[in-house]
Amino acid sequence: MPIAPPTTDRISAQILRQFASECLQALKLPEHTAALLADSLVQADLWGHPSHGIMRLFWYGARIQSGAIQNLTQSEWVVNAGGIAVLDGKDGIGQSIATIAMRAAIEKAKTHGIAAVSVRNSGHFGTAMYFTKMAADADCIGFLSSNASPAMAPWGGVQPLVGNNPWSWAAPAGKFPCFVLDIANTAVARGKLYHAKTKGQSIPEGWALDKDGNMTTDPEAGIAGQILPMAGHKGYAISMAMDVLSGVLSAGQFGDTITGPYKSEGRSGAGHLIIVIDIAKLRPIEEFHSDMETLIHSIKSSKTAPAHSEIFYPGEKEAINHDLFSQIGIPISLSLQQELAVGAKQLGISHPF
């Protein structure tokens with residue numbers, strides 16, 4: 001019986017970062033901005049989230065080329081007073097804008113104990129935990145919300161009007177990798193449908209409806225239709241709350257006026273809210289670390305259910321994947337390699353595939 005050809009290769013994170021950065025620089029991004037965007041994509045792959053990984057490289061590239069991302073380096077502080085600030089991203093690179101805002105929030109929290117930075121006119125920034133982990137690494141608790149392009153219908157409706165509007169919390173955890181939660185309010189992130197489409201796979205029932213409102217296992221039909229909310233009406237309600245925090249509060253865009261990275265044209269208009277708390281202003285940081293270790297140990301040492309050999313806390317699997325893929329390389333499907341190779345060739349960039 002013939003052996004089926006492999007469908008996936010493994011590429012080192014360092015090679016992928018360099019490749020992505022060179023492509024983005026060819027699109028006229030400054031070197032430091034290109035490196036940041038490339039790192040955010042590869043880091044998602046390292047964490048085991050390919051739906052937000054290198055597969056999105058030329059999605060961003062198409063938006064840069066079309067002018068949907070209108071500037072590459074500028075942003076403006078509209079309000080900057082004590083622990084409160086508002087940043088206008090001027091339709092720039094979402095990862096760059098979110099990094100500026102998170103660093104400012106951490107600095108402000110170290111001075112005032114708590115800080116809130118509202119962001120408008122930003123763009124898609126990849127994985128939210130990329131930024132909240134920055135706060136945890138600074139011995140702070142970090143929160144980040146964002147609004148997003150329409151993905152789900154309001155509960156009881158059929159017209160996609162509400163984004164999946166992701167949010168993330170992160171906190172240091174002593175000797176353990178940091179606690180980090182990063183979720184969208186749909187049953188799954190829409191990028192997982194694109195990932196399934198790229199690999200030629202079906203999706204589970206319960207993820208999406210087609211454009212006529214019927215349950216589907218076809219990722220392409222789900223992309224054309226709507227993603228179902230997590231936990232029914234609760235996911236829809238949380239998404240609306242995140243839009244209030246991210247879009248309405250920032251005096252930016254909200255509702256169905258956001259354009260996602262899946263489209264090459266149309267300004268994003270995405271907004272965010274960042275909140276950072278300096279733990280040491282509330283209690284000794286060593287005690288916080290110790291209590292986090294106690295909490296995590298109690299969870300991980302509890303009795304497992306049938307068919308489960310281990311219990312994981314939020315952020316643990318990502319840390320495990322990071323260590324593993326850093327050693328053995330990131331799995332990249334052959335179809336994605338071909339797609340990336342075509343994009344690189346159009347830019348005159350050599351590729352590792």
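A distance of 10.0 Å separates CG in Leu57 from CG in Leu16, rounded to the nearest 0.5 Å. Phe254 CZ to Asn147 CG: the interatomic distance, rounded to the nearest 0.5 Å, is 10.0 Å. To the nearest 0.5 Å, atoms OH (Tyr313) and NZ (Lys300) are separated by 7.5 Å. Atoms CD and CD1, on Gln43 and Ile330 in that order, are 8.5 Å from each other to the nearest 0.5 Å. The CZ atom of Arg17 sits 14.0 Å away from the CD atom of Glu22 when rounded to the nearest 0.5 Å. The CG atom of Asn164 sits 12.5 Å away from the CD1 atom of Ile238 when rounded to the nearest 0.5 Å.
Transitive grouping of hydrophobic side chains (ILVMFWY, heavy atoms separated by less than 4.5 Å) brings Ile223 and Trp207 into a common cluster. No chain of hydrophobic side-chain contacts below 4.5 Å, direct or via other Ile, Leu, Val, Met, Phe, Trp or Tyr residues, connects Ile97 to Ile258. The hydrophobic clustering, which links ILVMFWY residues whose side-chain heavy atoms are closer than 4.5 Å, places Val119 and Ile69 apart. Under a hydrophobic clustering in which Ile, Leu, Val, Met, Phe, Trp and Tyr are joined whenever their side-chain heavy atoms come within less than 4.5 Å, directly or via other members, Ile285 and Met134 fall into different clusters. Hydrophobic clustering of Ile, Leu, Val, Met, Phe, Trp and Tyr side chains at less than 4.5 Å, counting indirect connections, keeps Leu245 apart from Met152.
Within the 4.5 Å cutoff, side-chain heavy atoms of Phe176 are placed close to those of Glu293. Looking only at side-chain heavy atoms (C-beta outward), Phe288 and Ile141 come within less than 4.5 Å of each other. Using a 4.5 Å heavy-atom threshold, the side chains of Val42 and Phe19 count as separate. For the pair Asp45 and Pro50, the minimum side-chain heavy-atom distance is below 4.5 Å. Counting heavy atoms from C-beta outward, Trp167 and Asn185 have side chains that approach closer than 4.5 Å. The shortest side-chain heavy-atom distance between Lys108 and Val276 does not fall under the 4.5 Å cut-off. Within the 4.5 Å cutoff, the side chain of Leu193 has heavy atoms near those of the Ile203 side chain.
Heavy-atom minimum distance, Ser168 versus Thr132: OG-OG1, 2.8 Å. Nearest heavy-atom pair, Cys23 versus Ile349, reported as atom, atom and distance to 0.1 Å: SG-CG2, 4.1 Å. Gly266 and Arg63 make their closest contact through O-NH2, 2.8 Å (heavy atoms, listed as atom of the first residue, atom of the second, distance). Residues Val117 and Trp77 come closest through the heavy atom pair CG1-CZ3, 4.0 Å. Considering all non-hydrogen atoms of both residues, Ala171 and Cys178 come closest at O-CB, 3.3 Å. Of all the heavy atoms in Asn121 and Asp88, the pair that sits closest is ND2-OD1, 3.1 Å.
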Worksheet item: Please walk me through it: do Lys90 and Gln70 pass side chain to side chain contact (heavy atoms under 4.5 Å, CB included)?
Response: CA-CA 8 Å; Lys90 301 287 187 178; Gln70 296 178 11; over 6 Å; no

Discussion item. Applying side chain to side chain contact (heavy atoms under 4.5 Å, CB included) to Val162 and Asp243, what does each step give before you reach the verdict?
Written reply: CA-CA 9 Å; Val162 183; Asp243 201 7; over 6 Å; no

Practice prompt. Please step through side-chain hydrogen bond (donor to acceptor under 3.5 Å, both in side chains) for the pair Ser290 and Glu286, ending with a clear verdict.
Written response: CA-CA 6 Å; Ser290 178; Glu286 297 80 11; over 6 Å; no

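Partner Pro352 forms a side chain to side chain contact (heavy atoms under 4.5 Å, CB included) with one of Ile332, Ile15, Leu340 and no other, that one being Ile15.
In this model, no donor atom of one side chain and acceptor atom of the other lie less than 3.5 Å apart for Asn321 and His49. Using a 3.5 Å distance cut-off with no hydrogens or angles, the side chains of Tyr130 and Asp39 do pair a donor with an acceptor. With no hydrogens or angles considered, no side-chain donor-acceptor pair links Thr111 and Glu107 at under 3.5 Å. Between the side chains of Gln14 and Gln18, not a single donor N or O lies within less than 3.5 Å of an accepting N or O. No side-chain donor from either of Thr33 and Ser96 sits under 3.5 Å from a side-chain acceptor of the other.
If you look at His272 and Phe131, their ring centroids are not closer than 6.0 Å.
For Glu220, the CD atom counts as loosely surrounded, since its 6.0 Å shell holds 12 or fewer non-hydrogen atoms of other residues, nucleotides or ligands. Residue-environment remark: NZ (Lys133) stays at or below the threshold of 12 foreign heavy atoms within 6.0 Å. Few gaps surround CD on Gln201; more than 12 heavy atoms of other groups in view lie less than 6.0 Å from it. Heavy atoms from other residues, nucleotides or ligands lying under 6.0 Å from NE2 of His297 number 12 at most. By the neighbour-count criterion of 12 heavy atoms within 6.0 Å, atom CE of Met240 is sparsely surrounded, having that number or fewer from other residues, nucleotides or ligands. Surrounding CZ of Arg267 are more than 12 heavy atoms belonging to other residues, nucleotides or ligands, all under 6.0 Å away. Heavy atoms from other residues, nucleotides or ligands lying under 6.0 Å from NZ of Lys281 number more than 12. Shown here is Glu310, whose CD atom has more than 12 heavy atoms of other residues, nucleotides or ligands within 6.0 Å.
Using cut-offs of 30° and 60° for the angle between ring planes, the Tyr60 and His124 rings count as tilted. Between Tyr262 and Tyr194, the two ring planes are parallel [angle under 30°; tilted spans 30° to 60°].
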